[in-house]
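Each remark here refers to the structure printed beneath this line.
Every value quoted in this text rests on a predicted model; they were computed, and no experiment measured them.
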Amino acid sequence: RRLVAMKFMKLGSKPDAFQADGGGDSRYVLSDLPSDIVVHVDDARFYLHKFPLLSKSSLLQRLIVEASQGGADEVRVGGLPGGARAFEICAKFCYGMVVTLNPYNVVAARCAAEHLGMTEDVDKGSLVFKIEVFLNSGVFRSWKDSIIALQSTVALLPWSEDLRLVARCVDSIAAKATASPGSVVWSYTYNRKAASSDEIVEARRCSSSSSPAVPRDWWVEDLCELDVELYKRVMVAIKSRGDRMPSDVVGEALRAYAARWLPESCRRGEPADDDDDACALEVLETIVWLLPSDGDGSSPCGCSCQFLLNLLKLAVLVGAGELLREELMDRIVLQLHDASVSDLLIPAKPPAQTTYDVELVEALVGRYIRRAGLDDIDGEDVFETNGETDDPSLLALCKLVDGYLAEVAADPNLPVSSFVGLATSMPESARPSHDALYTAIDVFLKVHYISSHACLFAKNRTVFFDDLDMKTAVRCTQICRRWRRGGSRA
């Protein structure tokens with residue numbers, strides 16, 4: 001983290017003579033001359049003098065002339081972007097008083113000056129001109145000042161958009177975020193633990209070996225302060241700047257933003273109120289929309305499988321649309337073998353009777369199997385010896401499925417068909433050991449003993465299954481018979 005002072009620009013040379021009354025709604029200028037015009041801005045009243053205003057603002061020229069012709073000494077400035085605070089900056093400029101521009105007020109001052117017609121065709125060295133100088137030479141050259149200015153544009157729409165202030169802030173931020181880490185000399189926030197050099201850290205190219213490396217994701221945390229619409233716009237600009245930003249860095253940025261803005265209850269998989277759900281859904285939709293379309297072999301879209309499954313878990317919780325869920329599932333199956341059992345424990349939503357959304361996991365495993373070209377395997381051969389696969393991904397997935405079955409088997413509402421379907425979804429060659437599957441079956445059989453059509457013998461207890469078709473009954477019988485013979489195959 002580097003500490004660099006915020007940019008500012010002082011205009012005018014005369015002392016600030018603006019005063020406010022006790023209530024704060026009226027402002028006046030300390031002067032030997034009495035006020036001859038009252039300007040209303042929102043609920044505030046400014047007791048001013050005509051002459052300084054007439055020479056700087058085309059709008060105030062017109063309003064004052066019209067009021068004078070009607071014998072009035074009051075005018076109203078309606079719809080002024082930035083309200084009374086922005087008008088005060090403009091009025092002080094008209095008087096030549098000292099006024100300080102900074103990243104927090106410069107956008108409001110720029111919009112207000114445009115509205116008031118304080119341009120070069122009215123007076124040379126106008127407020128609009130001087131603000132533009134400050135923006136280009138100060139604000140847009142600073143990383144954090146550009147972010148502060150961008151945040152201030154939200155309350156000033158549509159003026160800030162029409163004057164391209166939003167676009168210019170976004171361009172400034174995107175250009176800095178995609179710059180070579182070796183050229184980063186501005187202030188940024190980095191509180192996360194630095195990643196290793198072979199992940200997302202690039203050594204800073206400089207002559208001094210004592211200078212710390214600037215990580216390639218140095219910009220991630222500061223952008224987390226943007227609201228979702230601005231964040232989306234900035235990230236689109238960053239991603240559009242050619243191949244300057246690797247997918248893993250974009251993925252890290254999205255992960256950090258999700259951690260910052262998604263409600264904690266949602267991240268834990270707990271129900272939230274309607275406002276939290278609406279906020280979470282908007283953030284979720286934006287993150288999914290921004291997911292990179294490429295990546296390396298270990299992380300095809302620049303995001304870990306755990307992160308994608310957490311997004312899917314949230315999608316289920318907040319009732320996201322089918323298209324969003326399908327998009328996440330398509331990405332997850334590319335690296336499902338990297339998931340953990342806890343990642344797959346996605347709470348089910350009513351009217352589902354199970355604790356976890358087993359159907360969703362079935363769908364994910366099914367997609368993985370079809371993508372691997374293994375969808376023609378015979379589930380009845382789950383214990384047959386056909387040789388072991390040398391595919392580490394498939395072995396990892398099978399271990400994951402068996403571990404997941406052991407977790408969900410204790411759910412009394414878990415359908416037998418779902419349990420058997422998952423157990424027999426993997427090719428026999430991917431299961432060199434059946435120990436984990438036996439554990440899952442043991443838990444399942446202890447919980448599910450209900451009178452039905454098929455009677456199965458497991459060890460020394462009789463177990464009844466409810467409403468099984470013949471094929472399912474045969475599969476379960478085969479599993480249990482093999483189990484009774486003992487142990488995993490060699």
Side-chain angles (χ1 to χ4, degrees), residues 1-12 16 18 80-93 97-116 118-119 125-179 183-191 218-238 253 256-257 260-261:
R1 182 188 177 103
R2 293 172 175 79
L3 298 178
V4 178
M6 179 177 64
K7 300 292 190 299
F8 67 91
M9 182 179 189
K10 285 191 174 182
L11 304 177
D16 185 353
F18 267 66
L80 183 71
R85 288 189 177 183
F87 180 79
E88 185 169 331
I89 292 174
C90 296
K92 288 179 179 179
F93 178 81
M97 297 177 185
V98 174
V99 60
T100 302
L101 297 176
N102 59 57
Y104 291 97
N105 65 18
V106 66
V107 174
R110 175 66 179 87
C111 294
E114 187 74 24
H115 183 73
L116 292 170
M118 302 178 72
T119 56
S126 65
L127 181 56
V128 166
F129 173 79
K130 295 191 181 231
I131 290 176
E132 285 296 327
V133 170
F134 176 55
L135 286 170
N136 294 322
S137 64
V139 174
F140 295 149
R141 292 194 176 191
S142 166
W143 166 253
K144 287 199 170 181
D145 290 352
S146 295
I147 293 175
I148 292 170
L150 178 60
Q151 289 174 305
S152 72
T153 64
V154 176
L156 297 161
L157 295 170
W159 282 91
S160 57
E161 191 71 70
D162 294 342
L163 294 173
R164 297 199 71 253
L165 293 168
V166 178
R168 292 160 69 190
C169 288
V170 169
D171 289 344
S172 170
I173 294 168
K176 290 173 178 58
T178 54
S183 64
V184 173
V185 294
W186 43 80
S187 171
Y188 64 86
T189 303
Y190 198 85
N191 293 320
W218 63 266
W219 50 272
V220 165
E221 286 182 59
D222 287 322
L223 293 194
C224 287
E225 299 306 311
L226 297 175
D227 69 32
V228 67
E229 286 300 324
L230 292 179
Y231 183 79
K232 179 178 180 180
R233 192 158 173 175
V234 170
M235 289 300 296
V236 168
I238 289 174
Y257 193 78
R260 169 67 175 81
W261 286 102

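Once rounded to the nearest 0.5 Å, the distance linking OG1 of Thr153 with CZ of Arg164 reads 13.0 Å. Within the model, atoms NZ of Lys7 and CZ of Phe140 stand 13.0 Å from one another, a figure rounded to the nearest 0.5 Å. Note that the CD1 atom of Ile173 and the CH2 atom of Trp143 stand 6.0 Å from one another [nearest 0.5 Å]. Between Met118 atom CE and Ile131 atom CD1 the span is 8.0 Å, to the nearest 0.5 Å. If you take CG on Leu127 and CG on Leu116, they are separated by 9.0 Å, rounding to the nearest 0.5 Å.
Closest heavy-atom contact between Ile238 and Ala177: CD1-CB, 3.7 Å. Between Ala86 and Pro81, the closest heavy-atom pair is CB-O, 3.6 Å. Among all heavy-atom pairs drawn from Leu165 and Arg110, the shortest one is CD1-CG, 3.9 Å. Scanning all heavy atoms of the two residues, the minimum distance from Ile89 to Leu101 falls at CG2-CD2, 4.2 Å. Of all heavy-atom pairs between Lys130 and Met9, the closest is O-SD, 3.8 Å. Listed here is the closest heavy atom pair of Leu163 and Cys111: CD1-CA, 4.0 Å.
With Gln151 contributing its side chain and Glu225 its backbone, the two residues share a donor-acceptor pair below 3.5 Å. A donor-acceptor distance shorter than 3.5 angstrom exists from the side chain of Asn102 to the backbone of Asn105, with no hydrogens or angles considered. Within the 3.5 Å criterion, the main-chain N or O of Leu223 finds no donor-acceptor partner in the side chain of Tyr257. Although no hydrogens or angles enter the test, the distance criterion places a donor-acceptor pair under 3.5 Å between the side chain of Ser146 and the main chain of Val139. A donor-acceptor pair under 3.5 Å is formed between the side chain of Trp261 and the backbone N or O of Cys224. For the pair Lys92 (side chain) and Thr100 (backbone), a donor-acceptor distance under 3.5 Å is absent. A donor-acceptor contact shorter than 3.5 Å is absent between the side chain of Ser172 and the backbone of Arg168.
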_Quick one, Val166 with Arg233, criterion side chain to side chain contact (heavy atoms under 4.5 Å, CB included). Give me CA distance, side-chain angles, the key distance, then yes/no._
CA-CA 10 Å; Val166 178; Arg233 192 158 173 175; 3.5 Å; yes
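More than 12 heavy-atom neighbours from other residues, nucleotides or ligands sit within 6.0 angstrom of CZ on Phe18.
At a threshold of 4.5 Å between non-hydrogen side-chain atoms, the residues Val128 and Glu114 count as touching. In this structure, the side chains of Ile148 and Asp145 come closer than 4.5 Å at one or more pairs of heavy atoms. The shortest distance between side-chain heavy atoms of Val98 and Leu11 does not fall below 4.5 Å.
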